[in-house]
There are 2 protein chains.
Amino acid sequence: MDRFVSTFTNKIDAKGRVSIPAPFRAVLERDGYPGGLYCYPSLDAAALDAGGERLAKKIDGLLSGLPDYSDERDELSVALYGDVQVLSIDGDGRIVLPENLRVRANLDAAVTFVGLGDKFQMWEPKAFEERRKEARSKVQVTRKLFAAGGRSSDDDGNEGARE
Amino acid sequence: MDRFVSTFTNKIDAKGRVSIPAPFRAVLERDGYPGGLYCYPSLDAAALDAGGERLAKKIDGLLSGLPDYSDERDELSVALYGDVQVLSIDGDGRIVLPENLRVRANLDAAVTFVGLGDKFQMWEPKAFEERRKEARSKVQVTRKLFAAGGRSSDDDGNEGARE
DNA sequence: CGGGCACATATGGGATCGCATGGGATTTAA
DNA sequence: TTAAATCCCATGCGATCCCATATGTGCCCG
């Protein structure tokens, strides 16, 4: 198994360190990057995205699909490369979250790690709780639609989406 | 890893010296250029571009794509090579930014180093902050193009605030 | 079936190392 | 000789490493 799954919540200590959940660590190791991971602010939420070598390749691929010296590429380069940080994992499986990243996700005392397959996200625990509640209620609705066997399109709330 | 990633801000001291971020230095060393780097004003921004051997090759490649003796090539040659300087790195990992380069990017007290993969840029910190904000908002739009795969996200714009 | 032992993980704190930065000394060029 | 560039060393802060402790979980043995 080599995917990030399920969620964990760990504390940030006085030095700004956080333990990476052991299962995630195992995935990272298998992903080819010994001792480090890539991390950047999520584009569409107050959270951080992180992953290993595979994720980095994915980003590279995204960029290399655009011609050199094009505007789109410049923008994306700045937004992605500029915000990406390589966080090294210490001997105890911890990383240090730099100030600029912590601010982006309102992280202070603890971090909730959310597995998303190829990558995982880091949320402020309460913020994630909100997100999750929202997601659940939507799933309820979706299930009813399936159960009913028909689509009574009264209101397709176009909001949230769960990964 | 052998790419320039993430951003760092260092000070210019009284003698005009700046420390190159250690991670960037490591990339340069691996790039085959011991003790120096190529630097020139960005073509489309008030910043400086810099890199090692690989960047130099890339510029060569760019030029060789244009026919010899064409106007474009001449202009580009002048624009690129004409302003290129080889900056030597001293024993402590610092470079001295010559006056003519400094004015091109309005550098005075500090420099923000921005990793862009094959090369990196040097910005006046406040100017880069502007640039980055712009890039982020544009990416919000561009991102939807990539999202074709399946994430029908809403975009709870609860971002802003902070910094 | 229950108690306790061993292992793994998370967390905290102290010690060490590297990097950025500043200042002085020494060399080089005009 | 003067000014400027280069080299060398000192220092402070932050990052990294290492070890100790706590908490919990599964397993083995009684």
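Sequence lines set the chain letters: A, B, ... in the order given, protein chains first and strands last, and positions in each chain run from 1.
Nucleotide C:dT26 holds its P atom 18 Å from the CG atom of B:Asp90, rounded to whole Å.
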Nucleotide N/O to protein N/O under 3.5 Å, stretch nucleotides 21-25 of chain D:
none

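Listed by chain and number, the residues in a side chain to side chain donor-acceptor pair (under 3.5 Å) with B:Asp108 amount to none (sequence neighbours excluded). Taking B:Thr112 as the reference, B:Thr9 meet the side chain to side chain donor-acceptor pair (under 3.5 Å) condition, with sequence neighbours excluded. Residues passing the side chain to side chain donor-acceptor pair (under 3.5 Å) test with A:Glu129, sequence neighbours excluded: none. Remark: A:Ser77 pairs with no residue by the side chain to side chain donor-acceptor pair (under 3.5 Å) rule, at least two apart or across chains.
Phosphate proximity of C:dG23 to B:Arg94: absent, as no side-chain N or O sits under 4.0 Å from OP1 or OP2. Between A:Ser88 and the phosphate of D:dT16, there is a side-chain N or O to OP1/OP2 separation shorter than 4.0 Å.
A donor N or O paired with an acceptor N or O is found under 3.5 Å between the base of D:dC19 and the side-chain atoms of A:Asp92.
At a non-hydrogen distance threshold of 4.0 Å, A:Asp13, A:Lys15, A:Arg17, A:Ser19, A:Ile20 from residues 12-20 of chain A come into contact with DNA chain C.
Taking the six-membered ring for Trp and the full ring otherwise, A:Phe24 and A:Phe8 have centroids separated by under 6.0 Å.
Of the charged side-chain nitrogens involved, at least one lies within less than 4.0 Å of a carboxylate oxygen, so that A:Asp118 and A:Lys58 count as a salt-bridged pair.
If you check C:dA10, D:dT6, C:dA20 against the side chain of B:Val96, the one that comes closest is D:dT6. Comparing atom distances between the A:Pro21 side chain and each of D:dT16, C:dA10, D:dC7 picks out C:dA10 as nearest.
Within the 3.5 Å criterion, the main-chain N or O of A:Tyr40 finds no donor-acceptor partner in the side chain of A:Asp49. Under the 3.5 Å distance criterion, the side-chain polar atoms of B:Asp92 are left unmatched by any main-chain donor or acceptor of B:Arg94.
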